[in-house]
Amino acid sequence: MPPTADLIKGKDVSSEIYSELSERISCLKSKGVTPGLAVILVGDDPASQVYVRNKGLKCEELGMRSITVRMPETTTEEELLGKIYDLNRDPSVHGFIVQLPLPKHIDEDKVIDAIDPKKDVDGFHPVNVGNMLIGKPGFLPATPAGVQQMLVRSGIETSGKHVVVVGRSNIVGKPMAALMVQKAKGADATVTVVHSRTKDLPDLTRQADILIVAIGKPRFITADMVKEGVVVIDVGTNRVDDPSSPKGSRLVGDVDFQGVSGKASKITPVPGGVGPMTICMLMANTVAAAENSIR
Ligand code: GUN
């Protein structure tokens, strides 16, 4: 099918947000506050190294302070908790995150619980998760918040629309559904969550006006699973073999872009879709944390 869908590009949407953030950062600096983001990286997972470097570079580009705390794979849970308590107390660090996944001998929940919710710019602490669910202010998790910004800033009406979320992870699927069901701008949707155990999943995805896919399976959503005119947001990034590429592999989403873009009205590409929004929303949370610190 020839692609007929308009592309929603994370680079365009994030550029708009970055220029707004730059103004807020200048304003903070004029008051003697430089927003500071710390990232704790335990071990040397190669994908995490790349993410952490990109976060640091973006901070510097925006004129924010960036602190990377590298800890060895053999770090004990107590040592990591000790570092978190230090950052909780450090007034120059407005927000921080612990890059996941952590080595298996460290309890992720215990680590997240130790972060001061006022500095939890990942929005993973149960206090922030709870506030999001009941529609109170707090830090929103970056990827779902980024998807919502893409919809709002692309002029896509969500009120009264049927949003189908494919996937139920704590980082994307569940918070995405919680955001879209709120009585709020960029939300007010009727939300269905489908996942690996859902019966007749294609029957449900075909009812979506807006389909948000975060299931972690390459090209899982095919053209026969969507209705004509649907808006498709593809959160997936999967590396698949591709002998025709110089690297021997390439990135694809959870959506079969070629097929689905022939039926959708709007669609996010992979790469270049949701990806750039995640770091952008992390920066937005950090700027907000710095603003909150002088309120
Ligand atoms: N690992 C993959 N995505 C994320 C994220 O958004 N935050 C953290 N802390 N770790 C991650």
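Values in this document were obtained by computation on a predicted structure and should not be read as measured data. All ligand and atom numbering here is 1-based and tracks the order in the structure. Along the sequence shown, residues carry numbers from 1.
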J.: Which protein heavy atom lies closest to atom 11 (C) of ligand 1, and at what distance to 0.1 Å?
T.: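 Heavy-atom neighbour on the protein nearest atom 11 (C) of ligand 1: Gln99 NE2, 3.4 Å.
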J.: Heavy atoms of the protein only: does one fall short of 4.0 Å from atom 3 (N) of ligand 1?
T.: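 No, because not a single protein heavy atom sits under 4.0 Å from atom 3 (N) of ligand 1.
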J.: Is a side-chain donor-acceptor pair under 3.5 Å present for Arg70 with Gln49?
T.: yes
J.: Does any N or O in the side chain of Asp254 come within less than 3.5 Å of the main-chain N or O of Ile215, such that one atom is a donor and the other an acceptor?
T.: yes
J.: For ligand 1, is there an N or O atom under 3.5 Å from any N or O atom of Asp122?
T.: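 Yes, since at least one N or O of Asp122 sits under 3.5 Å from an N or O of ligand 1.
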J.: Is any side-chain heavy atom of Ile17 closer than 4.5 Å to a side-chain heavy atom of Met277?
T.: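 Ile17 vs Met277: side chains touch.
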J.: Tell me the contacting part of Val98 for ligand 1: side chain, backbone, both, or neither, using a 4.0 Å heavy-atom threshold, strictly below.
T.: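 Backbone only; the side chain of Val98 stays clear of ligand 1.
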J.: If you measure every N or O of Lys55 against every N or O of ligand 1, does any of those distances drop under 3.5 Å?
T.: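 So ligand 1 has no N or O lying under 3.5 Å from an N or O of Lys55.
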J.: For Asn128 and Gly138, indicate whether the former's side chain and the latter's backbone hold a donor-acceptor pair under 3.5 Å.
T.: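 Checked: no pair found.
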J.: How does Leu100 reach ligand 1, by side chain, by backbone, by both or by neither, if only non-hydrogen atoms under 4.0 Å count?
T.: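 For Leu100, backbone and side-chain atoms both sit under 4.0 Å from ligand 1.
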J.: Applying a strict 4.0 Å limit to heavy atoms, is Phe124 in contact with ligand 1?
T.: yes
J.: Which pairs with one or both residues in residues 282-295 pass side chain to side chain donor-acceptor pair (under 3.5 Å), sequence neighbours excluded?
T.: Arg24-Glu291, Asn292-Arg295
J.: Distance from Leu37 atom CG to Lys119 atom NZ, nearest 0.5 Å?
T.: 11.5 Å
